[in-house]
Visitor: 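Please read through the structure below; I'll follow up with questions.
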Amino acid sequence: MKWQITFFNHKVEKETLSFPKGILANFLHIAEMIEEFGPALGAPYTKAIGKGL
């Protein structure tokens, strides 16, 4: 199953994509791993932040 990452809103997406190049590259790498493996990827990349999230 392929997972999809959705930003909370346009402002969050815009600010995230304006991170400095090195941080953005790291974020995009982790986002790609999450899309491929989903929440089963595990720590430190995915961790529950509350019930059902």
Visitor: Does atom OH of Y45 have more than 12 heavy-atom neighbours, drawn from other residues, nucleotides or ligands, at distances under 6.0 Å?
Guide: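 Count not over threshold, so no.
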Visitor: Side-chain donor-acceptor pairs under 3.5 Å in residues 28-39, sequence neighbours left out?
Guide:
none

Visitor: What donor-acceptor contacts under 3.5 angstrom involve side-chain atoms of residues 13-20, with partners at least two apart or in another chain?
Guide:
unit_1: T16; atom_1: OG1; unit_2: V12; atom_2: O; d: 2.7
unit_1: S18; atom_1: OG; unit_2: K14; atom_2: O; d: 3.4
unit_1: S18; atom_1: OG; unit_2: E15; atom_2: O; d: 2.8

